[in-house]
Amino acid sequence: MERTAAPVVDGWFTDTGAKGGFRLLGTRCSACAAVFFPREDAHCRNPRCPGDGELAEVPLSPRGRVWSYTDGRYRPPAPYVSDPDVPWEPYTLVAVELEAEGMVVLGQGAPGVTVADLAVGMEVEVVGGVLEGDGRGAGPVDGRGGEVPGPYTTWWFRPVTAAAAGVAS
């Protein structure tokens, strides 16, 4: 039986198809225009905000520039949950300064993206991806205190190719 992918964190991203594509979701304060990711739904976190603003959901920039990057080459110790019988797969972490907001967001590199493919200042885009769960419930909490067995939808960053950026070759 095929399992439906659940968001790794509800309300942090959306995929509106060809119209808007995959986007991270943040919130913007109407009083000071500060933008937050992860989203903030209770109050403005800007200490200089005059107050009394409404927090509205906003899609964040689909592109940004690499601010920093590294790779994870070892299995984290407990309480990280992983199957010790499955070989560890290194992964790439990318800190991206979003184009319009100027904030730095952390995410994994898309499958196949390694530190050798990245450089500080390189243009990248956010894309949707799927993380496979272990099927045993060792995953994100579903908001009701139960764990979701996976798979999970999430966000990844990948370099923007010259063709996608509209650059002639």
Side-chain angles (χ1 to χ4, degrees), residues 1-16 20-27 35-40 45 59-165 167 169:
M1 181 172 132
E2 190 173 319
R3 297 184 313 247
T4 303
V8 71
V9 181
D10 255 340
W12 282 21
F13 50 85
T14 186
D15 188 354
T16 56
F22 188 91
R23 303 286 285 272
L24 294 174
L25 296 173
T27 48
V35 178
F36 305 102
F37 181 84
R39 60 182 301 125
E40 174 60 67
R45 296 190 302 241
L60 302 178
S61 299
R63 291 187 178 182
R65 300 226 171 250
V66 174
W67 188 76
S68 184
Y69 57 94
T70 191
D71 56 358
R73 297 197 158 271
Y74 66 92
R75 186 184 313 270
Y80 181 83
V81 178
S82 69
D83 185 343
D85 297 328
V86 175
W88 179 253
E89 293 288 330
Y91 58 92
T92 303
L93 287 175
V94 189
V96 175
E97 184 174 10
L98 296 180
E99 204 166 63
E101 297 80 9
M103 72 170 62
V104 177
V105 174
L106 188 64
Q108 280 188 277
V113 174
T114 68
V115 293
D117 302 317
L118 300 171
V120 170
M122 171 185 278
E123 187 175 25
V124 293
E125 62 186 344
V126 66
V127 294
V130 176
L131 296 173
E132 293 298 326
D134 67 4
R136 298 177 298 175
V141 175
D142 66 7
R144 295 182 300 278
E147 291 182 342
V148 180
Y152 318 104
T153 56
T154 190
W155 68 94
W156 290 328
F157 290 108
R158 70 176 177 204
V160 173
T161 63
V167 175
S169 32

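We're numbering straight along the sequence, starting at 1.
- In this structure, CG in L93 is found 8.5 Å from CG in D71, a value given to the nearest 0.5 Å.
- The minimum heavy-atom distance linking P159 with V113 is given by the pair CD-CG2, 3.8 Å.
- You'll find the side chain of V126 reaches within 4.5 Å of the side chain of F157, heavy atoms only.
- Between Q108 and T154, every side-chain heavy-atom pair lies at or beyond the 4.5 Å cut-off.
- V130 and P151 make their closest contact through CG1-CB, 3.7 Å (heavy atoms, listed as atom of the first residue, atom of the second, distance).
- When all heavy atoms are compared, the tightest approach of V104 to A95 is CG1-CB, 3.8 Å.
- Atom CZ of F36 and atom CG of L25 lie 15.5 Å apart (nearest 0.5 Å).
- Tested against S61, the residues E101, E97, E125 include a single side-chain hydrogen bond (donor to acceptor under 3.5 Å, both in side chains) partner, E101.
- Across every non-hydrogen atom of A110 and R158, the tightest pair is CB-CB, 4.0 Å.
- A distance of 10.5 Å separates OG1 in T70 from CG in L118, rounded to the nearest 0.5 Å.
- With hydrogens and angles ignored, the 3.5 Å screen pairs a side-chain donor or acceptor of T27 with a backbone N or O of E40.
- Atom-to-atom distance recorded for D15:CG and T153:OG1 is 9.0 Å, nearest 0.5 angstrom.
- Contact between V105 and W155 at its shortest, heavy atoms only, is CG1-NE1, 4.4 Å.
- The one candidate from W156, Y152, F37, F22 that meets the ring-ring contact (aromatic ring centres under 6.0 Å, His included) condition with F13 is F22.
- Closest approach of V115 and T92 over heavy atoms only: N-OG1, 3.9 Å.
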